[in-house]
Amino acid sequence: MMICGTPEIKAQEESFAPMWESFYITPDNTKLKALSEAMAKHNKKYHNEGPYSALVYSVVSGPNMGKMVWQMGPLKFSHLDSRPSGDGHDEDWRDNVMPNVKKLSHGEYWKQDMKVSNTDMMDGDVSKTPILHIRFHEVSKDGGYTVDHLLGLISGTIKAMDGDNPWGVYDNQFRQGYAIGRHLATVSFLKNYAEYDEPNTFKDTFIKKYGEESWQPFVEGMSDAMSNSWDEIWEYSPELSGN
């Protein structure tokens, strides 16, 4: 999920679908200053370029509010064979970062679906869209075969909307079951919170593109295909990230 900056995609998307490693950090709130200092130092030394670049986000809304997200990429699995580990990397993480952390959770790998994503207008500068609106989806046991079609409808609508509307789709690469249910994530990349005050033209654009008779089947199809969904808002933390 995403999850889910977009640095360096344009240079790499022709050779592989970009993927990110990510996990949640539950900080020890009595040690936030020490955690911030250790995290910034670690990332800027060991995770400042290429597939090992680290992005850090603060979760400000949703079920994981108050946690941080650490994200590395874009990469492919073979990059993990040479991920930073020497030159004091592992010791620094163990001795300086982890003593300020209560828990790590949801270690995941999210691969972007470039066929339906709408991120071509993004230039890799994460600071231009520091707010991520992430919608996690649990794909239903019986309706999953329609997901690709439904995502195609959403993608076509977003691409037809006026203005730039960066939006990404990310697949969780390993089985999550239904106790966890974090199967799929869609991400809207926002410049600021004021964008939430702008009129939502998705429905009108959908009807204009596909016809009014298509709207209700789409709504019902989404309800059948997804057995659960929920939102989180993440804020980019440049001072804690690698670059």
Taking the side chain as every heavy atom from C-beta outward, state whether [X] and [Y] have any atom pair closer than 4.5 Å.
{"X": "Phe218", "Y": "Lys203", "result": "no"}
{"X": "Tyr210", "Y": "Thr157", "result": "yes"}
{"X": "Ser237", "Y": "Glu239", "result": "yes"}
{"X": "Asn172", "Y": "Phe136", "result": "no"}

Should the ring pair [X] and [Y] be called parallel, tilted or perpendicular, given that the plane angle runs from 0 to 90° and is split at 30 and 60?
{"X": "Phe77", "Y": "Tyr109", "answer": "tilted"}
{"X": "Trp234", "Y": "Tyr24", "answer": "perpendicular"}
{"X": "Trp70", "Y": "Trp93", "answer": "perpendicular"}
{"X": "Tyr196", "Y": "His133", "answer": "tilted"}

Donor-acceptor pair, distance only, cut-off 3.5 Å: does the side chain of [X] make one with the backbone of [Y]?
{"X": "Ser53", "Y": "Gly50", "result": "yes"}
{"X": "Ser241", "Y": "Val56", "result": "yes"}
{"X": "Asp171", "Y": "Val169", "result": "no"}
{"X": "His79", "Y": "Pro51", "result": "no"}
{"X": "Tyr52", "Y": "Leu75", "result": "no"}
{"X": "Thr205", "Y": "Thr201", "result": "yes"}
{"X": "Asn43", "Y": "Leu240", "result": "yes"}
{"X": "His42", "Y": "Met39", "result": "no"}
{"X": "His137", "Y": "Gly181", "result": "no"}

Ring centres under 6.0 angstrom apart (Trp110, Tyr170):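 So the answer is no for these two rings.
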Nearest 0.5 Å, please: how far is [atom2] in [Y] from [atom1] in [X]?
{"X": "Arg135", "Y": "Ile233", "atom1": "CZ", "atom2": "CD1", "answer": "10.5 Å"}
{"X": "Thr186", "Y": "Leu151", "atom1": "OG1", "atom2": "CG", "answer": "8.0 Å"}
{"X": "Lys191", "Y": "Thr129", "atom1": "NZ", "atom2": "OG1", "answer": "9.0 Å"}
{"X": "Asp224", "Y": "Ser140", "atom1": "CG", "atom2": "OG", "answer": "7.0 Å"}
{"X": "Asp28", "Y": "Leu35", "atom1": "CG", "atom2": "CG", "answer": "8.5 Å"}

Distance-minimising heavy-atom pair for [X] and [Y]:
{"X": "Asp123", "Y": "Asp125", "value": "OD1-N, 3.0 Å"}
{"X": "Gly221", "Y": "Leu150", "value": "O-CD1, 3.5 Å"}
{"X": "Asn48", "Y": "Lys45", "value": "ND2-O, 3.8 Å"}

[atom1] ([X]) with more than 12 external heavy atoms under 6.0 Å:
{"X": "Glu212", "atom1": "CD", "value": "no"}
{"X": "Met98", "atom1": "CE", "value": "yes"}
{"X": "Arg175", "atom1": "CZ", "value": "no"}
{"X": "Tyr145", "atom1": "OH", "value": "no"}

I need the single residue from His89, Arg83, Gln71 that forms a side-chain hydrogen bond (donor to acceptor under 3.5 Å, both in side chains) with His47. Which is it?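 Only one option passes, and that is His89.
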Under the criterion side chain to side chain donor-acceptor pair (under 3.5 Å), I'd like the reasoning laid out for Ser227 against Glu138: C-alpha separation, chi angles, the key distance, then a yes or no. CA-CA 6 Å; Ser227 50; Glu138 177 184 274; 2.4 Å; yes
